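These notes are about the structure you will find just below.
Remember, it's 1-based here, ligands and their atoms both numbered in the order they're listed. In this text the structure is predicted, and so the values were computed from the model without any measurement.
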Amino acid sequence: MQIITVKNVEKVIGQEKILKNINLIINKGEFVSIVGPSGSGKSTLLYILGLLDIPTSGEVVVEESPVVFKDKDRLANLRNKKFGFVFQFHYLINELTLEENVMVPMLKANVDKKTAKERALTLLEKLGLKGKENRKPYQISGGEQQRVSIARALSNNPDILIADEPTGNLDSKNTEKVMEIFTQINHEGKTIIMVTHEMDLAEKTDRIVKMKDGEIVEEIKVNYPHL
Ligand SMILES: Nc1ncnc2c1ncn2[C@@H]1O[C@H](COP(=O)(O)OP(=O)(O)OP(=O)(O)O)[C@@H](O)[C@H]1O
Ligand SMILES: [Mg+2]
């Protein structure tokens, strides 16, 4: 079953066509990686898939409903409900504890404070951060910071996790940990779309989407239980 469908999407910035005639189907429960040279349009496509960026033309369909990019409130609503985001830089708030950082998206979504706190603790525990919930982001390691940002991305229980080079700043041990977490949450039913520079990580996903010069040039099915 398709969860996101991209039809003839193009993105033009200034004179430059950054995405050209993109057609892509993401199936529910799939773990898809997007690879390609720097500047090939990976992040731009990922942000369109995550409804963070608007295509110049073409269509994005999320669970059978065409996305209306002009309707900002509905767009933000859909994005907050369906998607979680992890970036190369964690963007945690240094003034807040780890627990409070994970609570932020839940409080924004009007989850009551007690429930948000309980869920934040459960997620931090799941990500191996039990006992550290009252620390500030600068009091933990880079690998731990990235795991807190994953906990935050999962806080509103999104169906789809969007990750732009989530291991870009991590050493091999922490990279492996993040991949284990992603694989686990994928097995729990979440759809994951991850941009990466590392081919050995892409090979652990279900499907590799290769980009070059703003186009999808190849799709490789690695492990395909979804059809
Ligand atoms: N806001 C912008 N204004 C102008 N050009 C942009 C903008 N955003 C992206 N681009 C250009 O679009 C192209 C694709 O950028 P994008 O960030 O999607 O590449 P990428 O594949 O993610 O690269 P990297 O691996 O370095 O992150 C690049 O040439 C980039 O310079
Ligand atoms: Mg990028």
Query raised in the report: Between Asn134 and Thr97, is a side chain to side chain donor-acceptor pair (under 3.5 Å) present by the stated rule, with each step listed?
Result: CA-CA 5 Å; Asn134 292 319; Thr97 65; 4.9 Å; no
Report summary line: Note on the Mg ion (ligand 2): protein N/O/S atoms within less than 2.8 Å are Ser43 OG
Query - Option passing salt bridge (Lys or Arg N to Asp or Glu O under 4.0 Å) with Asp159 (candidates Arg79, Lys81, Lys82) - result: Lys82
**Report entry** Side-chain donor-acceptor contact under 3.5 Å, Asn157 with Lys190
**Finding:** yes
Throw together a table of side-chain donor-acceptor distances under 3.5 angstrom for residues 117-124, partners on residues two or more places apart or in other chains.
residue, atom, partner, partner atom, Å
Lys117, NZ, Glu99, OE2, 2.9
Glu118, OE2, Lys114, NZ, 3.4
Arg119, NE, Ser155, O, 2.7
Arg119, NH2, Leu154, O, 2.9
Thr122, OG1, Glu118, O, 2.8

Query - Polar side-chain atom of Glu165 near backbone of Met194 as donor-acceptor pair, under 3.5 Å - result: no
**Report entry** From Leu45, Val217, Val35, residue fulfilling side-chain contact (heavy atoms from CB on, under 4.5 Å) relative to Met211
**Finding:** Leu45
Query raised in the report: Distance only, no hydrogens: is a donor on one side chain within 3.5 Å (strictly under) of an acceptor on the other, for Gln145 and His90?
Result: yes
Query raised in the report: Mind checking what residues have non-hydrogen atoms under 4.0 angstrom from ligand 1?
Result: Ile13, Glu16, Ile18, Pro37, Ser38, Gly39, Ser40, Gly41, Lys42, Ser43, Thr44, Glu165, His197
**Report entry** Of Asp206, Thr205, Ile192, Val209, the residue whose pairing with Val32 passes side-chain contact (heavy atoms from CB on, under 4.5 Å)
**Finding:** Val209
**Report entry** Residues clustering with Ile93 (ILVMFWY side chains joined when closer than 4.5 Å, directly or via others)
**Finding:** Leu96, Val104
